[in-house]
Amino acid sequence: MGFRFGANRSDGSGEHNLRRGVLYLSIDNDFKDYFPNPIKTIISSAVSSVSGIPQSDIYQNLQEPPDSAIGDYGWPCFSLAKIKRKAPPVIAAETAGIIKPHSIIEKVSSVGPYLNFTLNQKATIQTVCENIFAQNEKYGSANIGSGKTIVIDYSSPNIAKPMGIGHLRSTVIGAALKRIYQYLGYKVVGINHLGDWGTQFGKLVAAYRRWADQKAMDDDPIKELYRLYVKIHEEAENDQSLEDESREIFKRLEEGDPEITALWRKFIAISKLEFNRLYNLLGITFESEAGESFYNDKLEHTVKFLEDKGLTKISREALIVPLDEFKLEPLLLKKRDGSSLYGTRDLAAAIYRYETYKFDLILYVVGVAQTLHFKQLFKTLELAGFEWAKDCRHVSFGWVTLGGEMMATRRGNIFFLEDVIEQTIARARAIISQGNPDLENPDEVARKVGVGAVVFSDLAVRRDTDVSFEWERMLDFDGQTGPYLQYAHARICSLIRKYGKEPDGRADYSMLKFPEEFSLAKKLLEYPDKIKSAAELNEPYIISAYLLDLAGLFSTYFQKYKSPADKIISDNSELTKARINLAWCVRVVLKSGLDILGIDALEKM
RNA sequence: GCCCCCGUAGCUCAGUUGGAUAGAGCAGCGGCCUCCGGAGCCGUGUGCGGCCGUUCAAGUCGGCCCGGGGGUACCA
């Protein structure tokens, strides 16, 4: 079976780094001294050498002044003032006098307690453009994760329920995180922890036996299973015997009852067909699809292991891991009838995954409702002596609400993901017909735009905020949307097509004198740090927000200068070269970011 | 009951882990194709639920109150 326990075995990388009494993740040090912005690196290095404050602290605290007339980067001197025991404005002024200008940093000044740095426009634009031309689609990538493995548990839908718009969150957040970490050099194992086991199957079988409509099962099996699922939950509200019956059926499934097992297989086959169709549409892939049932033969080992460690006890006829000294509810391992629970299976899964992948970090992209569950799970792993328990993270996300109410399959108030995507594709198709009827592959483009709109809607906000679903907004492709980003990308592609040559990165960047050109360069400079932050916080929306900024700056720039001399493509071939190079860099970053989010960067739309 | 999360513009959301004057999109209104794509751009108003505290500095941290939600033993 290949299943064994490696408690207390060190993998060599999992040192306990203590700061503020918090156990550091094994990958935290990977980020600490990663300074991808060359200009911030120069500034923070200079400030560090005159102040003695660690460069990483300074790098992290460099911020954009409220007005670009003050400077392009600012650093608050309060921490240094405290060390030197002088007033912050005095320290700022003194320090500004010490630090020498540089070819890129043309002015060091102070305003009140802030130390400010003004960049040279030409040197900045040139630096960033040459950087991006040199790295192309690898701009912003890194090898800080080289040799390390991250496991991400995402999507993980439950069998026999259609995928609702709510399930999309785990799926697209997890898939984006996977690409973010891969971009930083980590090996990532994406796992679809299918909900293919548990008492819910007992419920489903009970419902199937009672109310299944064979014709409906043939026509649209997933919808029929959904109907049964909702119905049994409704009926069970007033009929306790249904709950008991369901538990009994699940127990027999766990014991291998052939008839129930056959039904179970049938339900899984139906669901997987539907899931795979959606995964294809969304471009989602996994390295492993070991679902809950996969661990069925490993549960006894797990339970016995915990028993041998003396962590368990019987309470109210159930086998539990008491956690009250940590102010947590107990983790239930076995019901009174001996059957397993999701906690049992998650324990076995975590251990199996560590044994199999030797991960440096494992992320569970699961809704916020399961916060307590993961606290219990991680604490139990810690108590069992697994030092990697500190490398387990619940990456939670908020609810999808509908008119202020939580969407939940059981309540029956969900929208089917497939229906939603169909609608957005249809909307995209309509816009194409109206605005760009000569497009050669309108259906393909409509599909990519529609999917992009849906995916982006879930990646555009912080994970933990609940998102309210509104058709009106989902079908609106204006403003802060996926199609807006795709449109900006397509426009730049169109420009470069018109230019007719492949830009090579060489140009006289001193010719770029517009403030928007400077702003774009500075924005492009931020991209690698955004990737870093997105990984540190496990927040893909950081990339989404950044791309909106970037696309917005470009759109403004593009539309503002319309006179023949100021246009990107003008009679002045040297100037055109420089401008096209900058636009090309914007395109590279837009495409890179969209790729990471899982949205197709279109050349025409 | 106990624990956790959340209240920012009419709506949907940001706010760089405590920093300089709280920002976007949508909706509304008013403008912009002598076209490098109008799925775009420009202009225009209102806001941190309330009170007290911590300190040089609070939308951000702490306490209490009000309001909304979630979790809380055999569902996941």
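Residue numbering restarts at 1 for every chain, and letters A, B, ... go by the order of the sequence lines.
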Checklist entry - Rounding to a whole Å, what distance do you find between A/Gln63:CD and B/G18:C1'? => result 11 Å
Checklist entry - With distance as the sole criterion, do the side chain of A/Asp549 and the base of B/A14 form a donor-acceptor contact below 3.5 Å? => result no
Next on the checklist: Suppose we call a contact any N or O donor and acceptor under 3.5 Å apart; does that hold for the side chain of A/Thr199 and the base of B/A76?
Outcome noted: no
Next on the checklist: My understanding is that only residues two or more places apart in sequence, or in another chain, count here; which of them pass salt bridge (Lys or Arg N to Asp or Glu O under 4.0 Å) with A/Glu329?
Outcome noted: none
Checklist entry - What nucleotide among B/C36, B/A20, B/A76 has an atom nearest to a side-chain atom of A/Leu341? => result B/A76
Checklist entry - Under the salt bridge (Lys or Arg N to Asp or Glu O under 4.0 Å) test, which residues partner A/Arg427, sequence neighbours left out? => result none
Checklist entry - Under 3.5 Å, is there an N or O donor on one side and an acceptor on the other linking the side chain of A/Thr371 and the base of B/G71? => result no
Item to check | OP1 or OP2 of B/U16 under 4.0 Å from side-chain N/O of A/Tyr541 | outcome: no
Checklist outcome for this item: In Watson-Crick or G-U wobble terms, with both distances under 3.5 Å, the base opposite B/G62 is B/C52
Checklist entry - Using the C1' atom in both, what is the distance from B/U72 to B/C64, to the nearest Å? => result 24 Å
Checklist entry - Given atom CZ of A/Phe326 and atom P of B/U72, what is their separation to the nearest angstrom? => result 21 Å
Item to check | Of residues 468-480 of chain A, the positions that come close to RNA chain B - non-hydrogen atoms, cut-off under 4.0 Å | outcome: A/Ser468, A/Glu470, A/Arg473, A/Asp476, A/Phe477, A/Asp478, A/Gly479, A/Gln480
